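Here is the structure we will look at, set down as structure tokens.
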Amino acid sequence: MRTHSCGQITENEIGSTVTIVGWTNKWRDHGGVVFIDLRDRSGLVQVVFSPEIDVELHKAAHKIRNEFVLQIEGDVRQRPEGTINTSLPTGQVEVVVKSFTVLNECKPLPFMVDDETDASESLRYKYRYLDLRRPIIQKYMIMRHKAVKSLRAYLDSQDFLDIETPMLTKSTPEGARDYLVPSRTNPGRFFALPQSPQIFKQILMVSGLERYYQIVKCFRDEDLRADRQPEFTQVDMELSFVTRDDVIAIVDDMIKIVFKETLDVELTEPPVRLTYHEAMDRYGSDKPDLRFGLELKDVSDIVKDSSFKVFLDTLSKGGMVKAINGKGMAGYSRKDLDDLTREVQGYGAKGLAWMKVKDKIESPIAKFFPEESLKALTERLEAENGDLMLFVADKVDVTNDCLSRLRNELGRRLDLIKEGVYKFAWITDFPIFEYNEDEKRYEAMHHPFTAPMEEDLETFFSVDASELRSPDSGLRSLRAEAYDIVLNGYEIGGGSIRIHKKDAQDRMFQLLNIDADEANDKFGFLLEALEYGAPPHGGLALGLDRLVMIMTGAHSIRDVIAFPKTQKAACPLSSAPSEVDAKQLEELSLKLDIVE
RNA sequence: GGGGUGGUAGUUCAGCUGGUUAGAACGCCGGCCUGUCACGUCGGAGGUCGCGGGUUCGAGUCCCGUCCACCCCGCCA
């Protein structure tokens, strides 16, 4: 239907006759001459209808409206002097129409197809096909395609096999809530959509496929966020006969190539390596944004010499006092500080103490500190005149959590986050277990198939099982062969070396207080497979949506998903989820019991 | 489940301490216009003020409930 795409028509085509197709991006009817910007995926070109060429043609052109689909035959010519549009790649030329066909008309639009739409998201998603016509969103889709293409090519070059795993699979107890699918042929039974292909990819390793990958949808029925969708895409990988550093090296290599091929960005410095402990100590978070400093400092040892009751009480209860240096923030007013305090309290802290560093320390709590302590604090925090020291005292977890959020907030406020900067980090040596306060037991921080670190194996097997319910047991100190990759403060991937021996896996379930029957019921097929010569193996999954979001500079994961869901996990375009016929429910042996 | 913000024309928004004809811009429709590219210009149409209830002589405005969207907490790797 066409000889050229719109974006292709530049000076090189001057003098030739072309046929182009596309959408009417904009029409400008001067009564005499009529201009239309015709748009296809490749770009825009101006076409001109002139009464001097053909009166009938020119008359028909008055009827063209926005987003009409046109096929145009015409001659490419240099634009007359003074009418060149330098902000357009095709701005040197225009197409003089000799004939055209309206391939389709378009109703008045609910919003303008334009990069700078201010239409609300719900409207955009209801008419996502119009939203997707916007060049900026097309750019996101194209970038995503390029990233995927590059990932596949790389993984193929490293001998990974793309193998599909079931979408209709088995519900698992740990982790997120499952999306369930009722089985008609097995009344009362349900499939679950996979939260990840975890068990299947491990089985593929037992199967001797050695290197597996899949770019695959995963499903988690949890509440949404700007960076979370109920169905999302993982670049899922698993390798046999590898150590943690092998996996990390491959992923580093892969990321480097993807950034080069997709963004033409050369990642020169290798990702920072931090243990979980270091990350928590210095940033209070296992996904620190390393685009700026503002590190946290533990000042418990200094403030213990003060007479400030809040700090002392916290310390006596086993808590900690940590601080952050708000660079140049000593000018903050009482109200600014109250706002910051409220913000930190929203994260769970009881309060926020502060000291302004001026010629002397200005602070309501300064009087509780001996002179040498104040000096030690400013030294520890490397605080200079004009800085603001901010303190949180609480249980270790709360202190870290609050200060890491505060740190991110300060990073934004102090404008320390620069566009186009990509700071990667690997976080390693995660604890195996995490204590669940509500259920008074330990849970797997990563998942129950994660191998303990070599050095901790002995303790792993020897820990007294009676400590399983104690929040301070030796289980806390055990570390896993798990690793997360973090980019600009987002966790973009994570993985681990897996347990490949039955005895370790049994022990893991024992420590998680999952009895043998339950373990067999849920994961029996994996447990059994481990007994048939399972090789050492490990892997990782990258969150493709998040990765592409960061690469494109999009503000929400929804921007890089063609058909995203709203915060209520609904699809505004298709109106899913919807009610179903009574007959369908009957076939599935289901009865509804909706509590009003 | 909880906190916050928002919902008024097709769209984005304004609409004060409640006051009778609910506005603007863009878009849409019609006229004029031969060099625009955010075209210009003249005119016009267009409203269940999210929904339900209440207070009041009177509600877009106040109160209660509810729905939807977004951000966050919980939840989630």
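The sequence lines fix the lettering, A, B, ..., with proteins before strands; numbering per chain opens at 1. Computed from heavy atoms alone, side chains included, the values below leave out hydrogens, waters and symmetry copies. As the structure is a computational prediction, the values presented were derived from the model and not from experiment.
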Touch class at under 4.0 angstrom, heavy-atom based, for A:R39 against every strand present: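 The residue A:R39 makes no contact with any strand.
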Sugar-phosphate only, base, or nothing, as touched by A:E81 at under 4.0 Å among non-hydrogen atoms: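 The answer is nothing, as A:E81 stays clear of every strand by at least 4.0 Å.
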Any residue meeting salt bridge (Lys or Arg N to Asp or Glu O under 4.0 Å) with A:D75, in chain and number order, not counting sequence neighbours: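 For A:D75 the salt bridge (Lys or Arg N to Asp or Glu O under 4.0 Å) partners, ignoring immediate neighbours, are A:K98.
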Qualifying residues under salt bridge (Lys or Arg N to Asp or Glu O under 4.0 Å), relative to A:E121, sequence neighbours excluded: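 With sequence neighbours excluded, A:E121 shows a salt bridge (Lys or Arg N to Asp or Glu O under 4.0 Å) to A:R558, given in chain and number order.
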Nucleotide-resolved protein contact map, nucleotides 70-77 of chain B, B/S/- at heavy-atom distance under 4.0 Å: BBSBBBBB
In whole Å, what is the span from the [atom1] atom of [X] to the [atom2] atom of [N]?
X: A:E343; N: B:G4; atom1: CD; atom2: C1'; answer: 12 Å
X: A:K107; N: B:G10; atom1: NZ; atom2: P; answer: 13 Å
X: A:F35; N: B:U36; atom1: CZ; atom2: P; answer: 7 Å
X: A:R124; N: B:C68; atom1: CZ; atom2: P; answer: 21 Å
X: A:I84; N: B:U36; atom1: CD1; atom2: P; answer: 13 Å
X: A:L88; N: B:G35; atom1: CG; atom2: P; answer: 20 Å
X: A:L130; N: B:G10; atom1: CG; atom2: P; answer: 17 Å

State the pairing partner of [N]; accept Watson-Crick or G-U wobble contacts with both distances under 3.5 Å, and report none otherwise.
N: B:G40; value: B:C32
N: B:U5; value: B:A69
N: B:A25; value: B:U11

Say we look at [N] and [M]: how far apart would their [atom1] atoms be, to the nearest angstrom?
N: B:G40; M: B:C26; atom1: C1'; result: 16 Å
N: B:G2; M: B:U12; atom1: C1'; result: 31 Å
N: B:U21; M: B:U66; atom1: P; result: 35 Å
N: B:G74; M: B:C28; atom1: P; result: 46 Å
N: B:C73; M: B:A38; atom1: P; result: 41 Å
N: B:G58; M: B:G18; atom1: C1'; result: 8 Å
N: B:A9; M: B:C72; atom1: P; result: 27 Å
N: B:G52; M: B:C57; atom1: P; result: 23 Å

Could you check whether [X] pairs with [Y] (Lys NZ or Arg NE/NH1/NH2 to Asp/Glu carboxylate O, under 4.0 Å)?
X: A:D456; Y: A:R479; value: yes
X: A:D397; Y: A:K395; value: no
X: A:R405; Y: A:D401; value: yes

Pairs touching residues 480-491 of chain A that satisfy side-chain hydrogen bond (donor to acceptor under 3.5 Å, both in side chains), sequence neighbours left out: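 Qualifying pairs: none.
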Within 45° cone and under 6.0 Å: A:R407 NZ/CZ vs A:F292 ring: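 Yes; both conditions hold, so A:R407 lies above the ring face of A:F292.
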No-hydrogen, no-angle side-chain donor-acceptor test under 3.5 Å, A:D236 and A:Y212: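 Result is yes, a qualifying pair exists.
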Criterion side-chain hydrogen bond (donor to acceptor under 3.5 Å, both in side chains) on A:Q234 and A:S196, from CA distance to verdict: CA-CA 8 Å; A:Q234 284 193 343; A:S196 89; 4.8 Å; no
Within residues 41-52 of chain A, residues whose heavy atoms come under 4.0 Å of RNA chain B: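 Output list: A:Q46, A:P51, A:E52.
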From A:Y213 atom OH to A:M254 atom CE, the distance as rounded to the nearest 0.5 Å: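 One gets 10.5 Å once the value is rounded to the nearest 0.5 Å.
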Over all atoms of both residues, closest heavy-atom pair of A:I9 and A:V93: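 Closest pair (atom of A:I9, atom of A:V93, distance): O-CG2, 3.3 Å.
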Between N or O atoms, less than 3.5 Å apart, protein on one side and nucleotides 24-28 of chain B on the other: list the pairs.
none

Derivation and outcome, side chain to side chain contact (heavy atoms under 4.5 Å, CB included), residues A:I64 and A:F100: CA-CA 11 Å; A:I64 296 170; A:F100 79 100; 3.7 Å; yes
Is_stacked (A:H30, B:U36) at 5.5 Å, 30 deg: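 No, A:H30 does not stack on the base of B:U36, since the centre distance and plane angle fail the 5.5 Å and 30° test.
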Closest to the A:P110 side chain, choosing from B:G10, B:C37, B:C33: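 Per side-chain heavy atoms of A:P110, the pick is B:G10.
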Geometric class of the A:H447/A:F449 ring pair [parallel <30°, tilted 30-60°, perpendicular >60°]: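 Judged by the thresholds at 30° and 60°, the geometry between A:F449 and A:H447 is tilted.
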